[in-house]
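Accompanying notes for the structure given below.
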Amino acid sequence: MVKIKLPDGSVREYARHVRPIDVAAEIGPGLAKATLAAVVDDTTVDSVTPLPSDGEHTLRLLTKKDPEALAIMRHSCAHVMARAVMRLYDGVQLAFGPTIENGFYYDFDLPHKLSEADFPAIEAEMAKIVKEDEPFERIDVPRGEAMAMCRELKQTLKVEHIETGLAEEQRLSFYRQGEFLDLCRGRHIPSAGAIGAFKLLSVAGAYWKGDSTRQQLQRLYATAFFSKQELEARLVHLEEAKRRDHRVLGKQLELFTINPLVGSGLILWLPKGAIIRGELEKFVREELLKRGYETVYTPNIGRVELYQISGHFPYYSDSQFKPIEMEEGERYLLKPMNCPHHIMIYKAKPRSYRDLPVRLAEFGTVYRYEQSGELNGMTRVRGFTQDDAHIFCTEEQVAGEFRSCIEMTRTVLQALGMNQYRVRLGFRDPNSDKYVGSAEAWDRAENAIVKVCEGLDLPGMSIERGDAAFYGPKVDFVVADCIGREWQLGTVQLDYNLPSAERFALEYIGSDNTPHRPVMIHRAPFGSMERFVGVLIEHFAGVFPLWLAPEQVRVLVVSQKFEDYARDLERKLLAAGLRATGDYRPEKIGAKIRDAQLQHIPYMLVVGGREAENGEVAVRDRIDGDLGAMKIDAAIERLLTEVREKKIRQVAAPTVAAAITDDGKANEY
RNA sequence: GCUGCUGUAGCUCAGCUGGUAGAGCGCGUCCUUGGUAAGGACGAGGUCAAGGGUUCAAGUCCCUUCAGCAGCUCCA
């Protein structure tokens, strides 16, 4: 006897074996038809999986209205895609085919090189399979038998996976649909007919088991929805996201450019982009001043020996520009980090505990030879400027300093309306040898970070082992770009290693008149100016708040008769410190407004005969439209106030959610 | 770095199975002098990414290099 409790509170009792689909059928044939899967006591199961035969259990039937059902259907769609590929091409080896945020993919090894030209054929074959509406049938077998089945199917990747990834499993499951049989954990929808609409999106290479020393597979990305409308909405969404891509907007709005002759991954800031960066730098400088930082400047190169001591040279030789070789063995490195230079400034004189904390800040430009395939607009580059600072403090000061660094980062992000970030604690992977320093020092640092962060209520906080810097654990502020790719912006890092005796042997004289070792904190609220501005362009979709807008106000003259008045107005705006231009072309006012709107100019001042007579301007707001006429001084004051307050009146709605990291292991095999 | 795709005017793109390059926007000149999202006419502008090859003939086919895009791997 089993008691089944449904979400509405009703309880049903059964003496026989029942399946979720049977319960659904009892309630009504419509529900039975709509049921795609079920949740039994928090575990998702197929609609045909028998329920337990005794005890009390909760049951929730999943239909296409439930978000869980979408992922299950997509997973089934991945099988349909794999089946289509196997029908069309010979020698297909199946790897993993999990669902991901917004869709799914399947990895294959096959001799045919897949390209977008193949998509229509694959999609047509998939449509056929969906139309046939064959059931997905689960087959549970002991591992020995599973192994034999995979061998018989000549699916060597699956065989390997059973031997390695699934070494612990005693029983394994397959799903069969027609001639297609795949080792798979499930779950699946009852039959393919429930797949409403799907589309192949892209093909890309992916390493087997994510290991770059293993063979590369071909990965097909696709998505599916229950309805065609949802699919189309999704595709429109993707198009919108592309339009706000900072690489597209950067070109359109003349913010930055990259020239192959200068070198890839090297950003040329155009005048308008430079204004945005300059305003952001000014903003950070003000914050630094308030928080007791001192500004320093250091050169762009340093001797290799410096980085041998710091460890950067040996640890990252692959991702650095090669050293500059001078006579007699002198070698210089383009600096990959600012910290060694700042350390030498700390060491320039003896320090007393009374001097600490010493906070040295610099907009320091660094160069890293990133892999060519990694370069991406402004977000992944080979030369960039960090809003960097290094804090040298006593052990007792660490928690307080660390906390205030995190607070500064939050303040800065908040000021820009950037609330969609998550916080990642990058800790050491104890099984890796890429880290310097003792395990004790690491534990101490990681514990200190956890303690500080726990009290701060940081959004989406997660600890990620293996994500630490080689010298210490860190707290990263991570944001997603317009297509869901995540980028690390702000970072605060705790470092017991560079100050150590094995590295730079930093000291200060304590109150006991003996030398002590300071602790270092590395921090950069923006991270890099390049990446930050790149992300910011997408955050605002190119529509910047007044204080950041490269061109803040444009004078639009109704007719050239009033050009003198307009020119005078433009001069007044410039004198007030506003970034102003005038449009004196012999165009109609409508055309001038249209151009200014399309260029996202925050304010337009329209002047004609009426305004010239009264010493007024007709103010047009980019967002609210025509505000009517006002005196010149009043208009200027209004704009200056908005600048001073760094007011953010509009942030573009996010186009896509952050990608959920998915290595394919969690879902299915 | 790896796999696949792409590279034509300042920008966005068209150019069929090889036969000496086209549109829209932008830009320039002229006409129009206007009142809150596109006035009109004319014109300039291209070593078809670079280099090599096949061919009577290459933007188009092949190879190499460079650059970009998507993803993977990496990321102090």
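The chains referred to below are lettered A, B, ... by the order of the sequence lines, with proteins before strands, and numbering in each begins at 1.
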Fill in: Closest-nucleotide ordering on RNA chain B, the 5'-leading residue of A:A206 and A:P336
A:A206

Fill in: Residue met sooner reading RNA chain B from 5', once A:R380 and A:R594 are mapped to nucleotides
A:R594

Worksheet item: Under the 3.5 angstrom rule, does the side chain of A:E538 hit a backbone N or O of A:H246 as a donor-acceptor pair?
Response: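 Indeed, once roles are kept as given, a pair shorter than 3.5 Å links the two residues.
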
Less than 4.0 Å between a side-chain N and a carboxylate O, is that true for [Y] and [X]?
X: A:E160; Y: A:R214; result: yes
X: A:R422; Y: A:D476; result: no
X: A:E401; Y: A:R523; result: no

When rounded to the nearest Å, what value does the distance between [atom1] atoms of [N] and [M] take?
N: B:rA37; M: B:rA49; atom1: C1'; answer: 37 Å
N: B:rU6; M: B:rC63; atom1: P; answer: 13 Å
N: B:rG26; M: B:rC66; atom1: P; answer: 38 Å

Discussion item. Please convert RNA chain B into dot-bracket. A pair counts if it is Watson-Crick or G-U wobble with both distances under 3.5 Å; crossing pairs go in [ ] and bases paired with another strand get |.
Written reply: (((((((..((((.....[..)))).(((((.......))))).....(((((..]....))))))))))))....

Is there, by distance only and without an angle test, a donor paired with an acceptor across the side chain of [X] and the base of [N] below 3.5 Å?
X: A:Y207; N: B:rG71; value: no
X: A:R214; N: B:rC2; value: no
X: A:R247; N: B:rC69; value: no

Describe the nucleic acid contact of [X] in one word from base, sugar-phosphate, nothing, applying a heavy-atom distance below 4.0 Å.
X: A:S372; result: base
X: A:Y221; result: sugar-phosphate
X: A:N376; result: sugar-phosphate
X: A:L598; result: base
X: A:K434; result: sugar-phosphate
X: A:Q599; result: nothing

Worksheet item: Among all residues two or more places apart in sequence or in another chain, which pass the side-chain hydrogen bond (donor to acceptor under 3.5 Å, both in side chains) test with A:T156?
Response: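 A:Q93.
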
Worksheet item: What residues, two or more places apart in sequence or in another chain, satisfy side-chain hydrogen bond (donor to acceptor under 3.5 Å, both in side chains) together with A:S500?
Response: A:E502

Worksheet item: Where the side chain of A:K474 is defined as all heavy atoms beyond and including C-beta, which of B:rC72, B:rA76, B:rC11 is the nearest nucleotide?
Response: B:rA76

Worksheet, complete the sentence: Closest non-hydrogen contact found for A:L220 with A:V203 is CD2-CB, 3.9 Å

Response to the item:
A:Y603 and A:R638 have their tightest heavy-atom pair at OH-NE, 4.1 Å

Worksheet item: With a centroid cutoff of 5.5 Å and a plane-angle limit of 30°, would you call A:Y316 stacked on B:rA76?
Response: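 Yes, A:Y316 stacks on the base of B:rA76.
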
Discussion item. Would you compute the distance between atom CG of A:L498 and atom NE2 of A:H522 and round it to the nearest 0.5 angstrom?
Written reply: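 Going from the CG atom of A:L498 to the NE2 atom of A:H522 covers 5.0 Å.
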
Enumerate the protein-to-nucleotides 30-36 of chain B contacts in which both atoms are nitrogen or oxygen and the separation is below 3.5 Å.
unit_1 : atom_1 : unit_2 : atom_2 : d
B:rU33 : O2'    : A:S559 : OG     : 3.4
B:rU33 : O2     : A:S559 : OG     : 3.1
B:rU33 : O2     : A:Q560 : N      : 2.8
B:rU33 : N3     : A:Q560 : OE1    : 2.9
B:rU33 : O4     : A:Q560 : OE1    : 2.5
B:rG34 : OP2    : A:K561 : NZ     : 3.0
B:rG34 : N7     : A:V558 : O      : 2.4
B:rG35 : O6     : A:G609 : N      : 2.8
B:rG35 : O6     : A:R610 : N      : 3.1
B:rG35 : N1     : A:E611 : OE1    : 2.7
B:rG35 : N1     : A:E611 : OE2    : 3.3
B:rG35 : N2     : A:E611 : OE1    : 3.2
B:rG35 : N2     : A:E611 : OE2    : 2.5
B:rU36 : O2'    : A:R620 : NH1    : 3.0
B:rU36 : O2     : A:R620 : NH1    : 3.0

Practice prompt. Let me know the distance between NZ of A:K242 and C1' of B:rC69, rounded to the nearest Å.
Written response: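 Distance check: A:K242 NZ to B:rC69 C1' gives 10 Å.
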
Worksheet item: Rounded to the nearest Å, what distance is computed from the CG atom of residue A:D211 to the C1' atom of nucleotide B:rC72?
Response: 11 Å

Worksheet entry | salt bridge (charged side-chain N to carboxylate O under 4.0 Å, His left out) partners of residues 552-569 of chain A, not counting sequence neighbours, each pair once |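 Applying salt bridge (charged side-chain N to carboxylate O under 4.0 Å, His left out) to every pair that reaches into residues 552-569 of chain A, excluding sequence neighbours, yields A:E551-A:R554, A:E563-A:R567, A:D568-A:R571, A:D568-A:K572.
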
Item to complete: Kindly confirm or rule out a cation-pi arrangement of A:R219 over A:Y105, judged by NZ or CZ under 6.0 Å from the six-membered ring centre and within 45° of its axis?
Response: yes

With the criterion being N/O to N/O and under 3.5 Å, what pairs connect the protein with nucleotides 3-7 of chain B, and how long is each?
unit_1 : atom_1 : unit_2 : atom_2 : d
B:rU3  : O4'    : A:Q216 : OE1    : 2.7
B:rU3  : O2     : A:G205 : N      : 3.2

Worksheet item: Between A:Y315 and A:F470, how do the two ring planes meet: parallel, tilted or perpendicular, split at 30° and 60°?
Response: parallel

